[in-house]
2 protein chains.
Amino acid sequence: MAISQEISYRLERLILDGGLAPGQKIPSERQLSTRLGVSRSVIREALHELQGRGVIETRHGKGSFVASMVPEPEELNEQSPLMHLYEGHPRTLYDLLEVREQLEGQAAYLAAQRATSLDKHRISKAFRALEETDPLSNARPDHNFHQAIVEASHNPVLVHVLSSLKNMMLMTVHASVVNLNPRQEMRGQIIRQHKQLYNAILAGKANAAQKAAVAHVRFVSNAMKKLEMEGREVIRMPAMKTSPDQQHLTSL
Amino acid sequence: MAISQEISYRLERLILDGGLAPGQKIPSERQLSTRLGVSRSVIREALHELQGRGVIETRHGKGSFVASMVPEPEELNEQSPLMHLYEGHPRTLYDLLEVREQLEGQAAYLAAQRATSLDKHRISKAFRALEETDPLSNARPDHNFHQAIVEASHNPVLVHVLSSLKNMMLMTVHASVVNLNPRQEMRGQIIRQHKQLYNAILAGKANAAQKAAVAHVRFVSNAMKKLEMEGREVIRMPAMKTSPDQQHLTSL
DNA sequence: ACAGAGAACTGGTCAGACCAGTTTTTCCAA
DNA sequence: TTGGAAAAACTGGTCTGACCAGTTCTCTGT
């Protein structure tokens, strides 16, 4: 088999195994060519294959990016059907949380079983960042923590479904942070839940991890429902800015 | 748009419009490059894109040939990248089943709680169709049954996620039908599981419904794993029909 | 007439150059 | 000190020409 094809498969595997999340930038052609010890031509050919398959998108002068695998609720923009649905129908927030509950639970379960030491390291890092950060500007670290867990599940379908819901996730996570964190007792509970989840995964206790994740999401959901019923305004739409995360491409 | 992409699209249209028949050789890279007045590089990149899309096959020293294509009879030929991943990396079947387990479980749970009489009617109809149809003939009734349940969950996010995975779902359902149904004892179990799920939902027993759905998917997954470990061939893809023939290339 | 050696194709890889967008840095002027 | 424009340093896109590695055709010597 041609080198370019081998490389395209290697990259594809890497991407779909969750090593690279949708929207993330992949190294430049010149970097890849030196790192993999092949000419830039074969890199370009490999990338064009991936492009043909729709795995990546390439933008002149910017780079190549992992494409989102599932019809994504159009980023930044207004016309997304789901977004629209969301605005007109606030209950969607809870619908999303329902789905999250399942998927995060599954991810936690699998992560506890399958996390490599590298995965655990990443999760730990995200967890520490979460602990150290000012909780009010907390949406990002919170999301990163969950994201790290999902990737440790090593289930590409799970990874991509969840990351295609990323924007909405950020919204709900943000909602949780803004609405719940200021209330001291709730913040304590959330931190405790995160810690439980974290410990369970690192200890490899799959069932405990799943339970913790499900409980966490459900707690958030219930807490917000309660807030809403008490008549408090629930903040839903954060001013969000999509900042690309750092890339970890160690395993090329 | 890049020249290589324009060319790849031109060639693809030419091929798909019948200008070039499957198996037919397309001009050599050097010929194309002089005929189209571009460098060989961009020709190669265009061809690699087509290769990625599965439109052509290339053989060292021989040339590039139109692949025996799969004009996918009627269905929405949603060639998603995940689909391709699926072809290249069979383990994805189980990844998808893992996700299905969660989502179907959730859908069943919610359906049991929320199904209106109309929903129940639809589910019943799908269930009867499932019972009456020759299970070997088609994955459709099976899939429709599950689909009806998902819609009865009244969770738009859940519906959205599952329908974006529709084609892959069909694959797993199909795999289950083709591989498992012929084995009498398994077929019996599957029918029993469907009935359990059906009854639980109609009775509004949410937990029982969830349990039944999860058990069902997990059973399918395990059964297929077992089959595979016994060395039996596990059929993953629906049989694809071969394409019509045509001849001649004109306008390059 | 035929077998075999080249010649003449095919795609695969490499190197280096240059163009064209984008981002970052630098540095001067307000 | 700070804004902002110019310059440098990236990114991908294209071109050229060379050589390697398979395949097919041709021509030649027996």
Side-chain angles (χ1 to χ4, degrees), chain A residues 1-12 14-15 20-68 75-76 241-249 252, chain B residues 1-12 14-15 20-68 249 252:
Chain A
M1 175 173 307
I3 298 180
S4 66
Q5 286 190 30
E6 280 188 33
I7 290 183
S8 92
Y9 277 107
R10 260 167 79 184
L11 282 176
E12 183 180 12
L14 202 69
I15 289 173
L20 285 75
Q24 190 168 354
K25 186 175 178 309
I26 70 180
S28 76
E29 296 173 354
R30 287 169 178 87
Q31 277 178 40
L32 284 173
S33 100
T34 62
R35 267 206 243 179
L36 301 182
V38 296
S39 78
R40 201 183 142 204
S41 315
V42 321
I43 295 292
R44 283 185 62 75
E45 287 165 7
L47 292 183
H48 273 87
E49 274 180 49
L50 294 182
Q51 215 175 321
R53 291 187 210 130
V55 176
I56 65 171
E57 286 172 3
T58 296
R59 254 115 43 166
H60 189 173
K62 295 192 155 183
S64 291
F65 302 82
V66 178
S68 52
E75 289 248 358
L76 323 133
K241 173 170 173 287
T242 36
S243 72
D245 306 19
Q246 83 284 2
Q247 61 189 51
H248 38 66
L249 247 206
L252 270 180
Chain B
M1 176 175 308
I3 299 180
S4 65
Q5 285 190 31
E6 281 186 30
I7 291 183
S8 92
Y9 281 116
R10 259 169 79 184
L11 283 176
E12 182 175 13
L14 206 70
I15 290 173
L20 285 79
Q24 189 169 351
K25 185 175 178 305
I26 69 180
S28 75
E29 295 174 354
R30 287 171 177 88
Q31 278 179 39
L32 284 173
S33 101
T34 61
R35 268 205 242 178
L36 302 183
V38 295
S39 79
R40 200 182 145 206
S41 317
V42 320
I43 296 292
R44 283 185 62 75
E45 288 166 7
L47 292 182
H48 273 87
E49 274 180 47
L50 294 182
Q51 217 176 318
R53 286 189 216 129
V55 177
I56 64 172
E57 285 173 5
T58 297
R59 253 114 44 162
H60 189 175
K62 295 193 154 182
S64 291
F65 302 82
V66 177
S68 49
L249 89 150
L252 265 183

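Protein chains get the first letters and strands the later ones, always in sequence-line order, with residue 1 at the start of each.
- OP1 or OP2 of dT14(D) sits under 4.0 Å from a side-chain N or O of S4(B).
- Distance CE (M1(B)) to C1' (dG21(C)): 16 Å, rounded to an integer number of Å.
- Nearest nucleotide to the H60(A) side chain, out of dA20(C), dA17(C), dT16(D): dA20(C).
- If you check every strand for non-hydrogen atoms under 4.0 Å, I3(A) touches sugar and phosphate atoms only.
- Note that CD of E6(B) and OH of Y9(B) are 11.0 Å apart. Values are rounded to the nearest 0.5 Å.
- Using a 4.0 Å cut-off between charged nitrogen and carboxylate oxygen, E49(B) and R53(B) count as a salt-bridge pair.
- Of the two residues contacting DNA chain C, namely E45(A) and G61(B), the nearest-nucleotide position lying further toward the 5' end is that of G61(B).
- Counting to the nearest Å, the C1' atom of dT16(D) and the CD1 atom of I43(B) are 15 Å from each other.
- K25(B) contributes atom NZ, which lies 10.5 Å from atom CZ of R59(B) (distance to the nearest 0.5 angstrom).
- Residue Q5(B) contributes atom CD, which lies 11 Å from atom C1' of dG13(D) at whole-angstrom precision.
- Along DNA chain D, the nucleotide nearest to R30(B) and the one nearest to V38(B) differ in position, and the one closer to the 5' end is contacted by V38(B).
- For the pair H48(A) NE2 and dG13(D) C1', the interatomic distance rounds to 8 Å; values are reported in whole Å.
- Annotation: side chain of L32(A) is not in contact with side chain of I7(A) (no heavy-atom distance under 4.5 Å).
- Picking from dG12(C), dG13(D), dC14(C) the nucleotide with the shortest atom distance to the side chain of E29(A) gives dG13(D).
- Side chains of I26(A) and L47(A) form a contact here, defined as non-hydrogen atoms less than 4.5 Å apart.
- The nucleotide whose nearest atom lies closest to any side-chain atom of S41(A) is, among dG13(D), dT13(C), dA15(C), dA15(C).
- Contact check, K62(A) against dT23(C): a side-chain N or O comes under 4.0 Å of OP1 or OP2.
- In this structure, the CD atom of E57(B) is 14 Å from the P atom of dG11(C), given to the nearest Å.
- Closest to the side chain of S28(A), out of dT22(C), dG12(D), dT14(D), is dG12(D).
- R40(A) places its CZ atom 14 Å from the P atom of dC14(C), with the value rounded to the nearest Å.
- Listed pair Q31(B) / dT10(C) meets the phosphate criterion, a side-chain N or O lying under 4.0 Å from OP1 or OP2.
- The separation between I26(A) atom CD1 and dT11(D) atom C1' is 12 Å, rounded to whole Å.
- Put simply, R44(A) has a side-chain N or O that comes within less than 4.0 Å of OP1 or OP2 on dG13(D).
- One can place NZ of K25(A) at 14 Å from C1' of dT24(C), the figure rounded to the nearest angstrom.
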